[in-house]
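Here is the structure we will look at, set down as structure tokens.
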Amino acid sequence: MTTANNIDRLALLARLRQHVVAMLGLHLPNLAGTQERMGQVRTTAWIGLVVGSTFAVFNLLTPGMAMLGLVELLAVLFLLLPSVVLAQQADWVEPAELLMLLAALVIFSGLIVLGGVEGTGLYWTYTAPFLAFFLKGQKQGWWYSLGFAALWALYFALGGPDLDFAYHYLPTTRVHFLLALLFYTLLAAHFNLLRSRFEEKLAQRVEEKTADAKRLLTQMQYLATHDQTTGLPNRTLMMELLPQEINTAQAGGHRLVVCNLRLERLFEFGNVLGLAGADSVVKQVASHLSQFAHGHGLLARGRRDEFTLTYRLDQAELNAESLGRFIAKHQFSVQEQGMSLYIELTLGLAIYPDHCTKADLLLKKAEQALLQARKNAQRWSIYDEQQDQQFLRHHQLFGKLRDALQSQQLSMHFQPQIDLQTGRVKGAEALVRWNDPVDGMIPPGAFIPVAEESGLIRPLTIWVLAESMRECARWHRAGLDLDISINLSAMNLMDPELPDALQAALTETGLNPACVNLEITESCFMASPQRALEVVQKIHESGFKLSIDDFGTGYSSLSYLKSMPIDELKIDQSFVLKLLDEVGDQAIVSSTIALAHNFGLQVVAEGIEDEATALWLRTHGCDIGQGYTYAKPLPPSHFVAFVRAQGTLRQP
Ligand code: C2E
Ligand code: MG
Ligand code: MG
């Protein structure tokens, strides 16, 4: 019972306290932020301090006003000064306001009771309602203002002005004063209402704008870190998340596979299904892979057709090899626009900690592994340091080759081609050489593939053509009637401008195109047979001769022999080098000679390293021979000397 009573009493006290606090305006919600209010209160307090002190000094020095001066001085010292100090702190703004208001009330009370100069003190007190509303807000403002008016009404009613020390106001003055006070209260309330409404609206707008900005920021952050089609994290986010994945794997003592996956044929899907269809395929693949990654790692989308998957190897029986094999062999298809599309993925894997421990490097190595897989036409590949080095060398070589082309580090060597029946030099094959100032002689087998991959093969071939044809023209001018054989790459036959380049070289050198033999390989017709055929036709129509180099090593069928305007077959050196020891090679070579002759073509055998092989070839009807037994590829001056020593002049 007593406890219940105590609780009731405590609740009552708490309510009472709440009322008092609310009435005094100690906990008013601030419309303006504390920072803004702090500034306002501080300025008002300073103004109060300066005005209050001036009046205090003025009144203290004026005869008969010392009492008022004293009241003002006390209010300044004990209320306004602390108010200025408190207003410097955000947490003490409200007490500072209260002190300021109390100071005003004390000074105003002094002014009213003591009258000031001829009772004019009353005029100053009209600012009380403005101050109350300004400092305490609308609700509290009413309380303070009306309380202030009521206090003086009571003072007048109880005959305060009749006291000895008080100023004696006329009854009409008292009524005027109270009416004026009520009028100013109304005015202050009205202005404050307008002000607070404006502030309220302002605060509301600020709140709305802040919410908008926050929403926009969240949206932007999402867009910057996610792929829009699949909703998966993008590469940026993956870069942030991967270190955490590595930490988790490390803490659990597991290896972590970072797998770069390429969705093959996405471009074709886009062509057939349209962009939206291709996006839908990507989404379905993403959802399939997400299920696979679920609980084991993360999935992110990199470039348009690439995903990155991380997978913790936390099961003893699973290793990176089996994972790669599993994903690559795990076939699935997706349904789109009524079609069932078979999905093919190519994978590159890098492993933490085997290949490296840093997130960005792991991702890079997984990308390298994917490149390796694609280059080697494999479905999946684990990062291989050696291949990577090779890749790097290729890149470096590319940069150097570009410079070499410009700085004349390339030169042409010429290997004699001998008429096997007469023993005379019939011509030469032009073979490019690269003499690097640092690395020395770089063989064409090392840089021609780089040139082909990088597109440098085009300027390189144009240079080779011009240089070789110029040299051939010099031989002719020197009375040496020789042909020249020049190698073309498969990519050159894709170049529709090649016939023009050839024509330009002819015009410059004045050579007869029948002396120029262009060597192409069977692989030239593999990528785009129709286009290659068109270029070959044009070259043939210009009068150039055409030769099939490395014959017998390509994959194409023999059918092109009847449809292509060819003049010569060059039997690959792999059949010639061990010709006398290999019965199989002899069968191939003799059949090739017969085949070529049946088509009316000339036959060249390359890689003749000894006299016996040369003899075998001659007796089997081979027309031309080329190989170390006659001469290695020679620089121009050596070649001319060789020819002069051998004798070349053709029968007229
Ligand atoms: P290829 O056109 O089949 O050239 C024949 C290669 O066999 C040359 O190698 C030559 O030095 C070599 N060879 C000649 N006789 C013998 C011999 O008796 N024994 C042995 N073991 N080898 C012999 P090289 O100069 O290193 O050229 C390699 C390949 O690089 C060429 O094969 C050709 O495919 C390519 N190549 C060379 N120069 C050029 C060029 O200017 N343009 C293009 N596109 N390819 C070129
Ligand atoms: Mg050749
Ligand atoms: Mg060859």
Side-chain angles (χ1 to χ4, degrees), residues 401 404-405 409-418 420 427-435 441-472 483-495 498 501-502 505 516-524 545-554 566-580 585 589 592 603-614 616-617 622 624-636 638-639 642:
L401 181 59
L405 255 168
Q409 287 170 24
L410 300 183
S411 62
M412 294 312 298
H413 275 37
F414 299 92
Q415 188 175 31
Q417 294 186 323
I418 312 294
L420 287 175
E429 177 173 9
L431 295 157
V432 67
R433 295 289 176 264
W434 175 5
N435 198 357
M441 206 54 118
I442 303 174
F447 67 87
I448 294 288
V450 176
E452 284 172 339
E453 270 173 38
S454 60
L456 279 179
I457 193 69
R458 196 170 164 262
L460 187 137
T461 304
I462 290 176
W463 182 84
V464 165
L465 282 169
E467 194 68 16
S468 310
M469 283 162 74
R470 254 180 243 134
E471 187 60 26
C472 184
D483 295 344
I484 183 92
S485 288
I486 305 169
N487 292 284
L488 293 183
S489 277
M491 273 188 68
N492 294 133
L493 289 194
M494 298 292 111
D495 180 4
L498 180 76
L502 280 165
V516 183
N517 193 19
L518 298 172
E519 296 189 7
I520 53 180
T521 56
E522 292 160 293
S523 61
C524 292
K545 295 250 173 72
L546 278 160
S547 174
I548 301 290
D549 199 0
D550 304 340
F551 183 77
T553 55
I566 319 162
D567 303 281
E568 183 182 271
L569 286 190
K570 278 189 90 172
I571 302 174
D572 189 64
Q573 52 178 275
S574 60
F575 305 113
V576 180
L577 287 171
K578 284 178 267 153
L579 183 67
L580 299 184
D585 285 347
V589 172
T592 307
V603 191
V604 182
E606 61 181 356
I608 307 174
E609 293 192 343
D610 51 66
E611 264 304 316
T613 307
W616 190 99
L617 286 162
C622 184
I624 294 165
Q626 179 183 343
Y628 294 169
T629 189
Y630 305 109
K632 289 198 167 180
L634 303 165
H638 290 58
F639 173 75
F642 174 87

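Read the numbers this way: they start at 1 and go in the same order the structure lists the ligands and their atoms.
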Of the non-hydrogen atoms in Val603 and Cys622, which two are nearest, and what is the gap between them?
O-SG, 3.7 Å

For side-chain contact (heavy atoms from CB on, under 4.5 Å), just list the numbers for Thr629 and Glu611, CA-CA rounded to whole Å, side-chain angles, deciding distance to a tenth of an Å, and then say yes or no.
CA-CA 7 Å; Thr629 189; Glu611 264 304 316; 4.2 Å; yes

Return yes if a side-chain donor-acceptor contact under 3.5 Å exists between Glu568 and Ser547, otherwise no.
yes

Taking Gln415 for the side chain and Ala631 for the main chain, is one N or O donor matched with an acceptor at less than 3.5 Å?
yes

If I consider every N, O or S atom in Glu429, which one ends up closest to the Mg ion (ligand 2)? I only need its name.
OE2

Residue, atom and distance of the protein heavy atom nearest atom 16 (C) of ligand 1 read Tyr628 CE2, 3.2 Å

Any protein heavy atom sitting closer than 4.0 Å to atom 32 (O) of ligand 1?
no

Nearest protein heavy atom to atom 11 (O) of ligand 1, by residue and atom, and its distance?
Pro633 CG, 3.3 Å

Determine, using heavy atoms of Arg433 and all atoms of ligand 1, whether some pair is separated by less than 4.0 Å.
yes

Identity and distance of the protein heavy atom lying nearest atom 5 (C) of ligand 1
Glu606 OE1, 3.6 Å

Note the single closest protein heavy atom to atom 1 (P) of ligand 1, along with its residue, its atom name and the distance in Å.
Asp549 OD2, 3.7 Å

Once ring-ring contact (aromatic ring centres under 6.0 Å, His included) is applied, what residue pairs with a partner in residues 448-469 remain, sequence neighbours excluded?
none

Test side chain to side chain contact (heavy atoms under 4.5 Å, CB included), reference Leu488, set Val464, Asp549, Asp495, Thr461, output is Thr461

Under 4.0 Å, heavy atoms only, figure out whether ligand 1 is touched by the backbone of Leu460, its side chain, both or neither.
neither

Using the test salt bridge (Lys or Arg N to Asp or Glu O under 4.0 Å), find all partners of Glu453 that sit at least two apart in sequence or belong to another chain.
Lys375

Strictly by modelled atom types, are Glu429 and Asn487 linked by a side-chain donor-acceptor pair under 3.5 Å?
yes

Compute whether any side-chain donor of one residue and acceptor of the other, for Thr553 and Asp572, lie under 3.5 angstrom apart.
no

Kindly write out the residues that satisfy salt bridge (Lys or Arg N to Asp or Glu O under 4.0 Å) with Asp550, not counting sequence neighbours, or none if the list is empty.
none

Any protein heavy atom sitting closer than 4.0 Å to atom 37 (C) of ligand 1?
yes

Check: Thr629 N/O within less than 3.5 Å of ligand 1 N/O
no

For Ile608, take its heavy atoms, then give the atoms of ligand 1 lying under 4.0 Å from any of them.
18 (O)

At what distance, to the nearest 0.5 angstrom, does CD1 of Ile520 lie from CD1 of Ile566?
7.0 Å

So is Pro443 touching ligand 1 or not, going by heavy atoms under 4.0 Å?
no

Looking at atom 26 (O) of ligand 1, is any protein heavy atom nearer than 4.0 Å to it?
yes

Can you list the atoms of ligand 1 that are under 4.0 Å from a heavy atom of Ser489?
44 (N)

Do any protein N, O or S atoms sit under 2.8 Å from the Mg ion (ligand 3), and which ones are they?
Asp549 OD1, Asp550 OD1, Glu606 OE2

Relative to atom 20 (C) of ligand 1, which among Glu609, Glu467, Gln415 owns the nearest non-hydrogen atom?
Glu609

For atom 12 (C) of ligand 1, closest protein heavy-atom neighbour:
Gln573 NE2, 3.7 Å

Return the NE2 to CZ distance between His413 and Arg433, rounded to the nearest 0.5 Å.
6.0 Å

Gln626-ligand 1 polar pair, N/O distance under 3.5 Å:
no

Could you measure the distance from the CG atom of Leu634 to the CZ atom of Phe642? Nearest 0.5 Å is fine.
7.0 Å

Mind checking whether Phe639 and Phe414 have parallel, tilted or perpendicular rings, split at 30° and 60°?
tilted

Min heavy-atom dist Glu429 to ligand 1 below 4.0 Å:
yes

Under 4.0 Å from a heavy atom of Val464: give me the atoms of ligand 1 that qualify, with their elements.
41 (O)

CG-OG1 distance between Asp585 and Thr613, expressed to the nearest 0.5 angstrom
10.5 Å

Quick one: pull up CD in Glu467 and CG in Leu410 and give me the separation to the nearest 0.5 Å.
9.5 Å

Would you say the side-chain atoms of Asn435 pair up with the backbone N or O of Gln409, donor to acceptor, closer than 3.5 Å?
no

Below 4.0 angstrom from a heavy atom of Gly627, which ligand 1 atoms are there? Numbered from 1 as shown, please.
15 (N), 18 (O)

Nearest non-hydrogen protein atom to atom 40 (C) of ligand 1, with distance, is Val432 CG1, 3.8 Å

Quick check: does Asn487 put an N/O/S atom under 2.8 Å from the Mg ion (ligand 2)?
yes

Nearest protein heavy-atom contact for atom 45 (N) of ligand 1: which residue, which atom, what distance?
Asn487 CB, 3.6 Å

For atom 3 (O) of ligand 1, what is the closest protein heavy atom, and at what distance to 0.1 Å?
Asp550 OD1, 3.2 Å

Which heavy atom of Ala605 sits nearest to which heavy atom of Leu617, and what is that distance?
CB-CD1, 3.6 Å

